[in-house]
Amino acid sequence: AKMHPVLALFIAALGTGIALGYGVTGSVDYISNGFGGTLGSVGITIILGAIISMAIEDTGAAKVIANFFIKLFRGKRMELAPALTAFIMSIPVFGDITMVLTAPIASMLSKRKHISMSTMASFTGLGLFLTHGLVPPTPGILAIALMFGSDLGMTIVWGLVISFVGFFGTYFLLRKWTEKEWIEPNPEFVRGMEETDSDSGEGFLPLLLPVLLISVSSFAQMYAAEGSAIYTICTTIGNKVIALSIGLLYSFYLGYKQRKMVLGVYADTYNEPKAKLGEVMLNKWVARGLVVCLSPLLITAMGGAFGNVLKNSPALEPLSKLIADSPIPAILVPWAIAAIMMTSVGSMTTAGMTAAAIVLPMMPDLGLSSLAAVLAIGSGTLMGNHYNNSGFWVMGQFFHLNTKQSVKYVTVPCAVASVICLIAVVILNAVGVFG
């Protein structure tokens with residue numbers, strides 16, 4: 001029906017609630033409580049991440065990160081430069097923005113190093129989708145981790161580990177295959193493209209500071225004595241809102257250091273030659289960020305609303321027992337449900353949230369740790385990335401792929417990575433890493 005996910009989720013939640021016997025008003029109450037609860041848990045985090053992404057865009061930090069990887073690999077395997085840039089950027093920055101920022105870098109390297117855009121698209125998209133699906137504070141996996149009560153720092157750490165395994169496992173399996181077809185870069189990105197000569201590590205910090213602080217907080221909770229000074233300090237600065245606020249403050253500092261570039265962007269791109277730096281950072285970055293984050297924010301919240309309707313269903317108890325008594329290994333259940341939902345609905349956030357709502361009541365019967373279930377769901381949302389996902393089309397547009405090529409170089413790598421990530425989760429769960 002080409003319906004927007006927010007409306008689709010609302011109608012599905014209302015219809016499901018009525019079908020389950022809650023009545024119209026009862027269903028609306030469940031929807032309102034789930035929507036408000038989810039919005040309260042992730043709303044500020046998503047907004048702060050969106051504002052940081054505006055700073056990343058205007059200060060040229062994406063090119064700085066790409067230059068780091070170019071120098072790291074010494075001119076070889078240059079497809080890894082935009083791929084690992086996307087891998088890092090997609091953690092706090094929304095997927096469409098990451099695609100827009102990395103596509104010119106990938107196109108420039110494609111032209112200069114004679115690397116097909118089939119290779120560039122495969123691994124840049126793969127890096128982006130992996131951390132988008134598995135590493136908080138990306139909205140979907142953040143909300144899922146909070147729903148399951150999974151430790152946020154450990155979700156970040158093991159999400160990064162599994163994403164890394166998934167990326168390089170897929171890279172070594174498919175690299176030769178992606179090189180068999182030659183695809184030219186988008187000429188609009190190659191024409192007049194200049195590379196920044198900066199190699200400062202400052203470009204990483206708005207992205208990495210929040211992740212590091214949240215992770216440090218989790219380790220402090222595990223190993224520091226509760227009430228000690230180090231425990232108090234680490235858990236305070238590692239609070240997800242405070243950590244992202246620190247990242248935002250650093251973004252303002254970076255904006256001040258790169259003020260000529262920032263004001264140049266507003267003069268050239270937005271036709272505002274008289275823009276003031278303070279107004280840009282404190283007003284325009286916020287306004288643009290709010291526009292960008294509105295759709296993911298509302299989809300996430302409405303996913304929570306649908307989830308609240310589902311998780312209160314008495315029908316899920318016999319279903320969970322049926323699945324628990326089946327020969328299917330428990331760890332495969334959250335992955336399979338997430339994969340089915342992603343193939344059906346086309347949004348990683350919506351698929352993950354819906355899968356989480358279905359799996360959560362099953363947890364006592366499945367006997368899984370919350371961390372294992374969260375990472376299995378995240379791995380499942382990589383499967384079935386095709387025509388009904390807006391990111392699929394954005395990748396094709398910016399990386400100069402037609403529809404058939406997008407299936408080959410977006411859908412297939414993500415599906416392979418989904419299976420590799422599942423295998424990693426199964427192994428780590430079997431050896432007791434997740435508790």
Side-chain angles (χ1 to χ4, degrees), residues 1-43 139-150 295-328 330-368 370 372-374 376-378 380-381 383-384 388:
K2 298 181 180 178
M3 190 180 297
H4 192 279
V6 171
L7 183 58
L9 284 165
F10 174 74
I11 292 173
L14 184 61
T16 302
I18 294 171
L20 291 171
Y22 301 153
V24 175
T25 56
S27 300
V28 170
D29 286 341
Y30 278 124
I31 291 169
S32 299
N33 291 335
F35 185 92
T38 305
L39 199 62
S41 65
V42 303
I141 194 69
L142 170 65
I144 294 166
L146 294 174
M147 281 177 65
F148 279 76
S150 176
S295 183
L297 186 62
L298 295 180
I299 291 171
T300 303
M302 197 60 78
F306 186 30
N308 197 45
V309 171
L310 287 173
K311 74 181 182 183
N312 286 285
S313 168
L316 282 177
E317 184 176 349
L319 176 62
S320 69
K321 288 192 177 297
L322 178 67
I323 293 174
D325 294 339
S326 73
I328 302 173
I331 193 65
L332 296 183
V333 172
W335 177 85
I337 293 174
I340 292 168
M341 291 308 305
M342 178 60 191
T343 305
S344 304
V345 305
S347 163
M348 295 178 78
T349 299
T350 306
M353 292 291 292
T354 308
I358 295 170
V359 171
L360 191 58
M362 302 179 184
M363 289 296 286
D365 294 307
L366 292 175
L368 296 173
S370 58
V374 168
I377 290 172
T381 61
M383 184 65 72
N388 57 2

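Note that the coordinates shown come from a computational prediction; the quantities given were computed from them, not determined experimentally.
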State the CG-OG distance between Asn308 and Ser32, to the nearest 0.5 angstrom.
10.0 Å

Has Asn33 got a side-chain atom pairing as donor or acceptor with Asp29's backbone, closer than 3.5 angstrom?
yes

Minimum heavy-atom separation for Met147 and Ala356, please, with both atom names.
CE-CB, 3.9 Å

For residues Val374 and Ala145, report the shortest heavy-atom separation together with the two atoms involved.
CG2-CA, 4.0 Å

With rounding to the nearest 0.5 Å, note down the distance linking CD1 in Ile337 to CD1 in Ile340.
7.0 Å

Which heavy atom of Met342 sits nearest a heavy atom of Met383, and at what distance?
CG-O, 2.8 Å

How long is the gap from CG on Leu7 to CG on Leu298, to the nearest 0.5 Å?
12.0 Å

Side-chain donor-acceptor pairs under 3.5 Å in residues 12-20, sequence neighbours left out?
residue: Thr16; atom: OG1; partner: Ala12; partner atom: O; Å: 2.6

Which pairs with one or both residues in residues 336-357 pass side chain to side chain donor-acceptor pair (under 3.5 Å), sequence neighbours excluded?
Ser347-Thr350

For a 4.5 angstrom cut-off between non-hydrogen side-chain atoms, does His4 reach Ile299?
yes

For residues Met353 and Leu9, determine if any side-chain heavy atom of one lies less than 4.5 Å from a side-chain heavy atom of the other.
no

To the nearest 0.5 Å, how far apart are OG1 in Thr38 and CE in Met302?
10.0 Å

In Å, rounded to the nearest 0.5 Å, how long is the span from OG of Ser370 to CG of Leu360?
10.0 Å

Mind checking side chain to side chain contact (heavy atoms under 4.5 Å, CB included) for Ala330 and listing every partner two or more places apart, or none if nothing turns up?
Leu366, Leu368

Suppose the criterion is ring-ring contact (aromatic ring centres under 6.0 Å, His included): which pairs have a residue in residues 340-367, not counting sequence neighbours?
none

On a heavy-atom basis, the closest approach of Ala351 and Met341 is CB-C, 3.7 Å

For Ala338, all residues meeting side chain to side chain contact (heavy atoms under 4.5 Å, CB included), sequence neighbours excluded:
Ala355, Ile377, Thr381

Non-hydrogen atoms of Ala373 and Pro334 that approach each other most closely:
O-CB, 4.0 Å

ring-ring contact (aromatic ring centres under 6.0 Å, His included): pairs with one or both residues in residues 7-35, sequence neighbours excluded
Tyr22-Tyr30

